[in-house]
Amino acid sequence: QVQLVESGGGLVQPGGSLRLSCAASGSIFSINAMGWYRQAPGKQRELVATITRGGNTNYAYSVKGRFTISRDNAKNTVYLQMNSLKPEDTAVYHCNAVIIAYGTSGSYDYWGQGTQVTVSS
């Protein structure tokens, strides 16, 4: 059993900052890529940022220069530092990880339950 648990969402004013965390736990052999996705009301889920085990990162154009993804492999945790937040960043943010779990034959996608980020004055 593998779980991803996010934390750190909330309400923030435009221009403010938030830091999201996502911790993976359970019968984990190894974690490959980790990332953050978001879904705004009435819109499809979209990629925000991803990071490989080695630290290579990829960002959506809309967040480049404002958001920073990082990870702590020893803690099985991925972070998303969000600065200069805009109202259009309002969404439910979901953590994703590609994990090889003990007792399985390959790697699988796992998702967290999501954390709400609201940017409003």
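Throughout, residue positions are numbered sequentially from 1 according to the sequence presented.
Between the side chain of E6 and the backbone N or O of Q113, at least one donor-acceptor pair lies under 3.5 Å. Y59 contributes no side-chain N or O that, together with a main-chain N or O of L47, makes up a donor-acceptor pair within less than 3.5 Å. Under a 3.5 Å cut-off, the side chain of N73 and the backbone N or O of R53 do form a donor-acceptor pair. Side-chain atoms of R71 do not come within 3.5 Å of backbone N or O of G54 as any donor-acceptor pair. The backbone N or O of E88 sits nowhere less than 3.5 Å from a side-chain atom of T90 that would complete a donor-acceptor pair.
The two residues L4 and A24 have their closest heavy-atom pair at CD2-CB, 3.2 Å. Shown here for A49 and L80, the closest heavy-atom pair between the two residues is CB-CD1, 4.4 Å. Between L85 and R66, the shortest heavy-atom contact is CA-NH1, 3.9 Å. Considering all non-hydrogen atoms of both residues, P14 and S120 come closest at CD-C, 3.6 Å. In terms of heavy-atom proximity, K75 sits nearest to T77 at O-OG1, 2.9 Å. For I28 against Y102, the heavy-atom pair with the smallest separation is O-CE1, 3.2 Å.
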Where do W36 and V78 land on the side-chain contact (heavy atoms from CB on, under 4.5 Å) test, with the steps shown first? CA-CA 9 Å; W36 291 93; V78 63; 3.8 Å; yes
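Surrounding CZ of F29 are at most 12 heavy atoms belonging to other residues, nucleotides or ligands under 6.0 Å away. Around the CD atom of Q1, the shell of radius 6.0 Å holds no more than 12 heavy atoms that belong to other residues, nucleotides or ligands.
Sorted by first and then second residue, the pairs that involve residues 17-34 and meet side-chain hydrogen bond (donor to acceptor under 3.5 Å, both in side chains), not counting sequence neighbours, are S17-N83.
We find the OH-CE distance between Y93 and M82 to be 5.5 Å, quoted to the nearest 0.5 Å. Interatomic distance, D72 CG to S70 OG, rounded to the nearest 0.5 Å: 8.5 Å. To the nearest 0.5 Å, atoms CD1 (I31) and CG (N76) are separated by 3.5 Å. Atom SG of C22 sits about 10.5 Å away from atom OH of Y79, to the nearest 0.5 Å. The CG atom of D89 sits 4.0 Å away from the CZ atom of F67 when rounded to the nearest 0.5 Å.
Counting heavy atoms from C-beta outward, T115 and R38 have side chains that stay 4.5 Å or more apart. T57 has its side chain out of reach of T50: every pair of non-hydrogen atoms, C-beta onward, lies at least 4.5 Å apart.
Under the 3.5 Å distance criterion, with hydrogens and angles disregarded, no donor-acceptor pair is assigned to the side chains of Q39 and E46. Between Y37 and R45, the side chains place no donor N or O within less than 3.5 Å of an acceptor N or O (distance only, hydrogens not considered).
Cluster annotation: V2 is connected to Y108 through the hydrophobic network of ILVMFWY side chains, with a link wherever side-chain heavy atoms come within less than 4.5 Å.
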